[in-house]
There are 2 protein chains.
Amino acid sequence: MARLPVYLRALNGLAERGIATVSSEDLAASAGVNSAKLRKDLSHLGSYGTRGVGYDVDYLIYQISRELGLTQDWAVAIVGVGNLGRALANYGGFASRGFRIASLLDADPEVVGDRIAGLTVEHIDKLESVIRERDVSIVVIATPATSAQEVCERVTRAGITSILNFAPVVLTVPDGVDVRKVDLSIELQILAFHEQRKAVGAAGGPGGSAQVGPGIGPGAGNEWAEAVEA
Amino acid sequence: MARLPVYLRALNGLAERGIATVSSEDLAASAGVNSAKLRKDLSHLGSYGTRGVGYDVDYLIYQISRELGLTQDWAVAIVGVGNLGRALANYGGFASRGFRIASLLDADPEVVGDRIAGLTVEHIDKLESVIRERDVSIVVIATPATSAQEVCERVTRAGITSILNFAPVVLTVPDGVDVRKVDLSIELQILAFHEQRKAVGAAGGPGGSAQVGPGIGPGAGNEWAEAVEA
DNA sequence: GTCCGTTTGTGAAGGATTGCACAAAGTCAC
DNA sequence: GTGACTTTGTGCAATCCTTCACAAACGGAC
């Protein structure tokens, strides 16, 4: 389920505040979902709750982490050390979830050799050897659009089957390779869409400033979160 | 519809290559969706296609842009000029879609006064006056988690009803305020989940390296894209 | 041990989304 | 103008997801 990471963050927040057990109702509120949905999601992992009491926070964190594969160490390589690559390299939330940045790579000789987040930027020529020798299993592409497909082909040939793509292109990959894309402008576009709706609704509509249109989402708090430390 | 921005990007790609008309089949392939779904989505905006021919690329771009409210100019303020704030400020894809960055704000005196992407970083004290005087309608929060809620409250009091949140917290907002959150680590967690599944599948499962589990998504290309220029 | 309040886990209903399949509508060649 | 071919727009069935509602299970008080 794509909601497990959201639950995991909510749980981590509770754990930091020293809360030992939590009911589905409270956890659902923290995560911004319906409590029945949360219970059904969690029941797919097994029966880790205690009726009459709730869920043990630490135990549930462990179980979800295990389900998501976060109990093991994942070596990640970031290709493209522009502004975004730097932001990702400095992001503290990766290491705490088992993601270890094994390498930063770039094609620009101006950037190669820079030290960022404790790592020295390496030349893209070393891409294949880095993947092989450091057991990299996930590659983050933060290059310009023009280079993304080429990088993609090189890493898939090197055996990578998981790619996180920030470049504004649709990557073509062989079967069995999993690509996820992150777009920063699409979120803004969706906000603009709602903002426009509020405007026309206020002008002639029936209700005034409604939250969001039906079918779009349950309103504020229905989407992922977590970010790069500024 | 949350898929319109995806179609829009696919269309822009076609327009750049000089393609004047496109069939639902081809456009659906570019966007990574089913062609019937695409036609149904587009039919909700009106009948802009020509049977036997397809859709006029430029006209469809205009219609979708209008529907999304991208034909007007949106003034955006970015609060928090760390690595991510900088990456967003330098992102070229905003301006081309009608998003104009009206201000960069930060609390750190070290950063205030820096020139980034043609703008001078302003002090957070000016938040309210900037919103008022420059007609800002969307605020991007790229601050550390600890400051996000405070910034959120200030901007909502200043009349903002659309917030894009990159900080790793769930923001509490009044009714009528629309918040979207972007998480960079959740995408990695989902990749790790699939990667782990492939591993256990190869060990004892029936199929080998299946694309993704059922119910998660149709595979590569099912999620947003577009990014910060590296 | 028994009773009572609380909370989980899940069957069932309801609603939304998806994809097939096809009629209606258009272009193009001649 | 006519016929063949292409493509849109949409009714319909199937599927997925969500939410309600409630029985089973647990802890705690006495």
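To find a chain, count down the sequence lines: A is the first, B the second, and so on, and within it residues start at 1. This one's a predicted model, so the numbers in the text were calculated from it and none came from an experiment.
- Taking side-chain N and O atoms only, B:Ser47 has a distance below 4.0 Å to OP1 or OP2 of D:dG9.
- Note: CZ (B:Arg39) to C1' (C:dT17) measures 16 Å, nearest angstrom.
- Listed candidates were C:dT7, D:dT19, C:dG26. Nearest to the side chain of A:Ser23 is C:dT7.
- Using modelled atom types, one side-chain atom of A:Gln149 and one backbone atom of A:Thr172 make a donor-acceptor pair closer than 3.5 Å.
- D:dT7 atom P lies 14 Å from atom CG of B:Leu38, rounded to whole Å.
- Rounded to the nearest 0.5 angstrom, B:Phe193 CZ and A:Leu4 CG are separated by 7.0 Å.
- Side-chain contact between B:Leu60 and B:Asp56 is absent, with no heavy-atom pair separated by less than 4.5 Å.
- Of the residues in residues 51-61 of chain A, those placing a heavy atom less than 4.0 Å from an atom of DNA chain D are A:Arg51, A:Gly52, A:Val53, in numerical order.
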Please list, pair by pair, any protein nitrogen or oxygen found under 3.5 Å from a nitrogen or oxygen in nucleotides 12-14 of chain C.
residue, atom, partner, partner atom, Å
C:dA12, N6, A:Lys40, NZ, 3.2

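- Atom P of nucleotide C:dG19 and atom CG of B:Leu42 are separated by 15 Å, given to the nearest angstrom.
- The phosphate of D:dT8 (OP1 or OP2) has a side-chain N or O of B:Ser24 nearer than 4.0 angstrom.
- Considering CD of A:Gln189 and CH2 of B:Trp74, their distance stands at 12.0 Å, rounded to 0.5 Å.
- Counting any heavy atom pair closer than 4.0 Å across all strands shown, B:Ser35 reaches no nucleic acid atom.
- Computed from coordinates, the A:Asn34 CG to C:dT7 C1' distance equals 15 Å when rounded to whole Å.
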